[in-house]
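Following: one structure in structure tokens, then a few remarks.
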Amino acid sequence: MAEKGLRKAIRLGLYASESLANPETPPCIRPLPQDRRFENEAWRRWPHNLIYQAFLLNQQWWHNATTGVRGVTARHENLVQFMARQVLDMCSPTNFPLTNPEVLQRTLEQNGANLVRGMQHLSEDFERQAAGKPPAGAEDFVPGVNVAVTPGKVVLRNQLIELIQYQPATDRVRPEPVLIVPAWIMKYYILDLSPHNSLVRYLTEQGYTVFMVSWKNPDPGDREIGLDDYRTLGVMAALDAIGTIVPGARVHATGYCLGGTLLAIAAATMAREGDERLRSISLFAAQMDFTEAGELTLFIDESQLTFLEDLMWEQGFLDTSQMAGAFQTLRSNDLVWSRIVRDYLMGERRPMTDLMAWNADATRMPYRMHSEYLRQLFLSNELAEGRFTVEDRPIALTDIRAPIFAVGTEHDHVAPWRSAYKVHLLTDTAVTFVLASGGHNTGIVAEPGHPRGAYRVMTNNGDERYVDPESWIARADRHQGSWWSQWIAWLGERSTEPAAPPPMGAPEARLAPLAGAPGTYVLQR
């Protein structure tokens, strides 16, 4: 490591002398493709060119020092590498006014007005956080007012969910309804944001009857609601209601993130019992094997879970603020430090968007369910290994025979796409896998017309040889545009001819419409 450090120092010295003589000298090290901190032309001028080059060389040295060390377990290596990156991100020259030429230039141009605005932003953010208020601008996106506005009715309400049935947007619809099971860590309306990027609206406009699960925001009285309650009161209760409203119809079941994991559990249980109500299964950024679940696993071990369980036992739930820090540190460069520079040093406010406002509208998670989820799935990986039990008997994902449409996203830090890709190894059915551009949320909310949308897709019919992720990405054709159209075409191939729309609810079976969409559970704080 001393030798590596000396070579890097020599590289920097040579670059310094050459750049003084010729300002057009190419840099001696370039940032990683995803690192956009030093794109501004101001970083090419002395002395900031030397400052950022020295930082990148130092960052590279620490990567060398914390990876590939013989005799160190993978977990310990990942922990050390993660912590080293946190410190490096904190010490980046972009974070300090005197070493950031963009901040210096802005301060000179505005005579310090940017720093005054930054202090105002800091004061406002501190006041909002202390009062438990959402970020500035989030109040402009209210469910039922300008987000989550696709027309529909709540046709079922129990202690855990409201089931929303959306009004048809076409005269005739496919007889097979779509049931969407969202993650319960956030509100459902990421899939029904503004009208232009609502997946629900898009489905109804393509001639599908759509049902959506809206989860209750748990309170201390819900501490004993377990993971299986989410299956029975969530997925199965929704399927029973749909079977009453649309008798005999087979369902296109769709799960997003945690909702996809839950749907896989429900589908495997149904397969074990010979329940054939599922016509197809779609999984968006969902995992069933948690051995490669990304850096989130760094927060999950026996010690951490014991601490979390003690904390949740006192409260009865895990609060949203107690989860936010973990997710932010996974991408501290993008979610923490760049925001500090922009808001407080540059004095700018990024305009609030519907997706940002949704991201701030998180939910709690009950003690028992969250403990079971983390222990049985993340820590013990029972679902992938065939040891996860439902009603005292193990289930097997290989029992699933419904075709699967699975979506991973290229820059997913919550459910890495290679982890989602393991659906090929865990099931014995036909799998169409899509790798979409973007991250965990932006890759899924990728409506047609999105400027940077792209995806790769390939199908394994279930009787073909396994293709590893790297070979898959080399073989799969890349398409510009939204993968939503690909999904609609896939659903269409597995649906029958359009017919008259079903009724809204079934009053004669105690499924009368209770309220208009988006319902009441989504408004709970």
Side-chain angles (χ1 to χ4, degrees), residues 1-40 42-102 291-304 325-338 340-341 410-413 416 418-419 469-470:
M1 294 311 302
E3 184 182 351
K4 283 181 179 289
L6 179 60
R7 286 204 302 265
K8 293 181 191 305
I10 293 173
R11 283 172 61 189
L12 182 64
L14 289 173
Y15 171 75
S17 60
E18 292 175 7
S19 62
L20 282 174
N22 178 15
E24 301 300 320
T25 300
C28 62
I29 182 172
R30 296 186 183 277
L32 296 171
Q34 67 270 23
D35 187 352
R36 298 186 295 273
R37 288 174 292 183
F38 308 105
E39 290 180 343
N40 192 284
W43 289 101
R44 310 293 176 265
R45 296 191 290 269
W46 188 91
H48 296 99
N49 59 341
L50 299 183
I51 292 174
Y52 100 89
Q53 288 285 282
F55 172 77
L56 291 179
L57 288 168
N58 189 38
Q59 180 176 261
Q60 188 183 68
W61 186 90
W62 276 103
H63 176 77
N64 297 149
T66 57
T67 58
V69 182
R70 293 179 68 244
V72 178
T73 66
R75 175 172 176 77
H76 287 150
E77 180 177 294
N78 291 336
L79 279 168
V80 173
Q81 183 185 16
F82 177 80
M83 293 309 299
R85 195 179 75 238
Q86 297 302 312
V87 174
L88 286 166
D89 285 348
M90 179 176 65
C91 297
S92 169
T94 55
N95 298 340
F96 305 96
L98 294 180
T99 54
N100 187 328
E102 298 177 71
T291 53
E292 296 181 79
E295 290 181 334
L296 198 60
T297 57
L298 297 177
F299 297 89
I300 301 171
D301 56 24
E302 190 64 42
S303 173
Q304 290 286 337
F327 286 103
Q328 289 178 342
T329 54
L330 297 181
R331 293 174 55 205
S332 60
N333 183 22
D334 294 329
L335 301 180
V336 179
W337 300 110
S338 64
I340 287 175
V341 171
E410 291 179 352
H411 305 295
D412 197 327
H413 62 289
R418 288 173 179 82
S419 182
E470 305 312 320

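Annotation for Leu12 and Gln53: closest pair CD1-CB, 4.0 Å, computed over non-hydrogen atoms. The two residues Ala42 and His48 come nearest to each other via the heavy atoms O-CB, 4.2 Å. Of all the heavy atoms in Thr66 and Ala84, the pair that sits closest is CG2-CB, 4.2 Å. The shortest non-hydrogen separation linking Pro26 to Tyr15 is O-CE1, 3.4 Å. Here the shortest heavy-atom pairing between Glu39 and Arg44 reads O-NH2, 3.7 Å. In this structure, Arg37 and Glu102 approach most closely via the heavy-atom pair O-OE2, 4.0 Å.
Judged by distance alone, with hydrogens and angles left aside, the side-chain atoms of Asn100 form no donor-acceptor pair with the main-chain N or O of Phe96 at under 3.5 Å. Remark: the backbone N or O of Asn95 is not paired with any side-chain donor or acceptor of Ser92 at under 3.5 angstrom.
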- Query: For Glu3 and Leu6, what are the C-alpha separation, side-chain angles and deciding distance, and is it a side-chain contact (heavy atoms from CB on, under 4.5 Å)?
  - Reply: CA-CA 5 Å; Glu3 184 182 351; Leu6 179 60; 5.7 Å; no
- For Ser419 and Asp412, run side-chain contact (heavy atoms from CB on, under 4.5 Å): C-alpha distance rounded to whole Å, both residues' side-chain angles, the deciding distance at 0.1 Å, then the answer. CA-CA 10 Å; Ser419 182; Asp412 197 327; over 6 Å; no
- Item | Audit row: Glu77, Thr67, side-chain contact (heavy atoms from CB on, under 4.5 Å) steps and yes/no | CA-CA 6 Å; Glu77 180 177 294; Thr67 58; 4.0 Å; yes
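Around CD of Glu470, the count of heavy atoms belonging to other residues, nucleotides or ligands within 6.0 Å exceeds 12. Taking a 6.0 Å sphere around CD of Glu24, one finds it holds 12 or fewer heavy atoms contributed by other residues, nucleotides or ligands. No more than 12 heavy-atom neighbours from other residues, nucleotides or ligands sit within 6.0 angstrom of CH2 on Trp62. Within 6.0 Å of CZ in Arg75 there are more than 12 heavy atoms belonging to other residues, nucleotides or ligands.
Between Trp46 atom CH2 and Leu20 atom CG the span is 7.5 Å, to the nearest 0.5 Å. The structure places CE of Met1 at 4.5 Å from CH2 of Trp61, a figure rounded to the nearest 0.5 Å. If you take CG on Asn49 and OG1 on Thr25, they are separated by 9.0 Å, rounding to the nearest 0.5 Å. The CG atom of Leu79 lies 8.0 Å from the CG atom of Asp301; values are rounded to the nearest 0.5 Å. One finds the CG atom of Leu57 at 4.5 Å from the SG atom of Cys28 (value rounded to the nearest 0.5 Å). Atoms CZ and CG, on Arg85 and Asn78 in that order, are 10.0 Å from each other to the nearest 0.5 Å.
Using the six-membered ring where Trp is involved, Tyr52 and Trp43 have ring planes that are perpendicular, over 60° apart on the 30 and 60° scheme.
Counting heavy atoms from C-beta on, the side chains of Gln60 and Lys8 come closer than 4.5 Å.
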